[in-house]
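Predicted model, so just to flag it, every value in this text is computed and none were measured. Values below: all heavy atoms of this structure, side chains included; hydrogens, waters and symmetry mates excluded. In the text below, chain A, chain B and the rest are named by the order of the sequence lines, each starting its count at 1.
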There are 2 protein chains.
Amino acid sequence: MTNNKIINVKFRIWFFAGEEKLLGIGRVELLERINTTGSIAKAAKEMKMSYRQAWQMVNEMNQRSAFPFVVKHLGGKSGGGAIVTEAGLKTIKAFNELQEKIEFYIKQEASKIKL
Amino acid sequence: MTNNKIINVKFRIWFFAGEEKLLGIGRVELLERINTTGSIAKAAKEMKMSYRQAWQMVNEMNQRSAFPFVVKHLGGKSGGGAIVTEAGLKTIKAFNELQEKIEFYIKQEASKIKL
DNA sequence: TTTCGATATGTTTTGTAATGAATAGCGATT
DNA sequence: AATCGCTATTCATTACAAAACATATCGAAA
């Protein structure tokens with residue numbers, strides 16, 4: 001009565017500021033795209049989400065974090081844009097590094113499982 | 001410009017059978033309660049979910065796993081019930097053990113993060 | 001001072017997931 | 001063969017989240 005089917009383990013992590021959810025993989029990707037495109041609107045379009053939703057995510061992160069992750073710069077011929085702050089960049093870097101470590105760790109441990 | 005706010009890391013894991021989600025913490029708890037109460041109906045009531053939903057979860061797990069996690073036993077004065085199989089017990093044990101290990105690992109790694 | 005695209009925000013619509021109610025079938029025990 | 005409550009399943013309803021739409025505001029650059 002031994003189950004020989006391979007069990008695949010998946011996981012997700014989230015960063016919390018106290019008890020408030022700060023970000024997960026989705027918001028990290030959003031920040032990364034804001035960083036490369038220079039605007040919330042373009043990042044949202046790339047991810048096929050509404051600007052409204054993207055903006056709400058950014059706003060929530062900014063309010064919950066001790067330092068904002070994204071700041072706007074309005075005006076100019078291009079109409080303006082948004083840039084990811086140093087605090088934002090550090091956070092997504094820490095998130096990605098931790099996630100990679102955990103992925104590696106889980107792969108090790110999961111391979112030991114015998115059902 | 002250093003963020004001294006403490007970042008709290010939370011996580012969840014899931015077991016997959018191939019690409020199909022098998023179970024997460026919620027279904028593990030459901031299985032544990034089925035195991036102690038001897039019925040899906042009682043387990044559902046304890047968790048304040050509808051019998052319908054609980055049954056659907058059990059059914060999905062049974063179909064996706066190589067071996068069913070729960071088997072029914074109808075009839076008797078008590079009307080019948082359900083029991084968790086050996087395969088089910090082994091799976092929830094493996095899940096809980098892996099989860100504990102990861103929790104410990106993340107605590108270690110998260111404490112190193114400086115933002 | 002006009003223009004531009006981006007930010008910022010409210011309102012409405014839609015889609016889908018969760019819930020609730022209702023009921024048929026089961027079968028060991030008595 | 002009557003009983004019990006638990007499994008199994010359908011259908012209607014509700015609730016909530018996501019999407020769609022609409023629009024006001026901003027301000028550097030031309």
If you walk 5' to 3' along DNA chain C, what is the first nucleotide with an atom under 4.0 Å of a heavy atom in chain B, and what is the last? dT19(C) to dT29(C)
Please check this pair: side chain of Thr85(A) against backbone of Gly88(A), looking for a donor-acceptor N/O pair closer than 3.5 Å. yes
Figure out the CD1/P separation between Ile34(B) and dC6(D), and round it to whole Å. 13 Å
Could you check how far CG of Asn59(B) sits from C1' of dT9(D), rounded to whole Å? 11 Å
Do Trp14(A) and Phe69(A) belong together in a cluster built from hydrophobic side chains that touch within less than 4.5 Å? no
Would you say that Thr91(B) contacts Leu23(B) through its side chain, given a criterion of any heavy-atom pair below 4.5 Å between the two side chains? yes
Both Ala41(B) and Met49(A) contact DNA chain D. Taking the nearest nucleotide for each, which residue is further toward the 5' end? Ala41(B)
Please report the distance, rounded to the nearest Å, between CD in Gln56(A) and C1' in dA20(D). 13 Å
Could you tell me the separation between the CE atom of Met57(B) and the CD1 atom of Ile40(B), rounded to the nearest 0.5 Å? 12.0 Å
Arg52(A) CZ to dA17(D) P: how many Å, rounded? 14 Å
Measure the distance from CE on Met57(A) to C1' on dA18(D) and round it to the nearest whole Å. 11 Å
Any chance CD of Glu100(A) has more than 12 other-residue heavy atoms, nucleotides or ligands included, within less than 6.0 Å? no
Using whole Å, report how far OH of Tyr51(B) lies from P of dT10(D). 13 Å
Lys72(B) NZ - dT9(D) C1' separation (whole Å): 12 Å
Could you tell me which residues satisfy salt bridge (Lys or Arg N to Asp or Glu O under 4.0 Å) with Lys112(B), sequence neighbours excluded, listed by chain and number? Glu109(B)
Distance check: side-chain N/O of Trp55(B) vs OP1/OP2 of dT7(D), anything under 4.0 Å? no
May I have the step-by-step check of salt bridge (Lys or Arg N to Asp or Glu O under 4.0 Å) for Glu46(B) and Lys42(B), ending in yes or no? CA-CA 6 Å; Glu46(B) 281 189 3; Lys42(B) 284 183 189 143; over 6 Å; no
Please list, pair by pair, any protein nitrogen or oxygen found under 3.5 Å from a nitrogen or oxygen in nucleotides 24-28 of chain D.
unit_1: dG27(D); atom_1: N2; unit_2: Gly76(A); atom_2: O; d: 3.4
unit_1: dA28(D); atom_1: O4'; unit_2: Gly76(A); atom_2: N; d: 3.0
unit_1: dA28(D); atom_1: N3; unit_2: Gly76(A); atom_2: N; d: 3.2

At 4.0 Å (heavy atoms only), tell me whether Ser50(A) reaches a base, stays on the sugar-phosphate, or touches nothing. nothing
So Glu97(A) and Lys101(A), salt bridge (Lys or Arg N to Asp or Glu O under 4.0 Å) or not? Walk me through it. CA-CA 6 Å; Glu97(A) 284 176 359; Lys101(A) 283 182 187 170; 5.9 Å; no
Take the protein atom NE2 of His73(B) and the nucleotide atom P of dA8(D), then report the distance between them rounded to whole Å. 11 Å
Can you get from Met61(B) to Trp55(B) by hopping between Ile, Leu, Val, Met, Phe, Trp and Tyr side chains that sit under 4.5 Å apart? yes
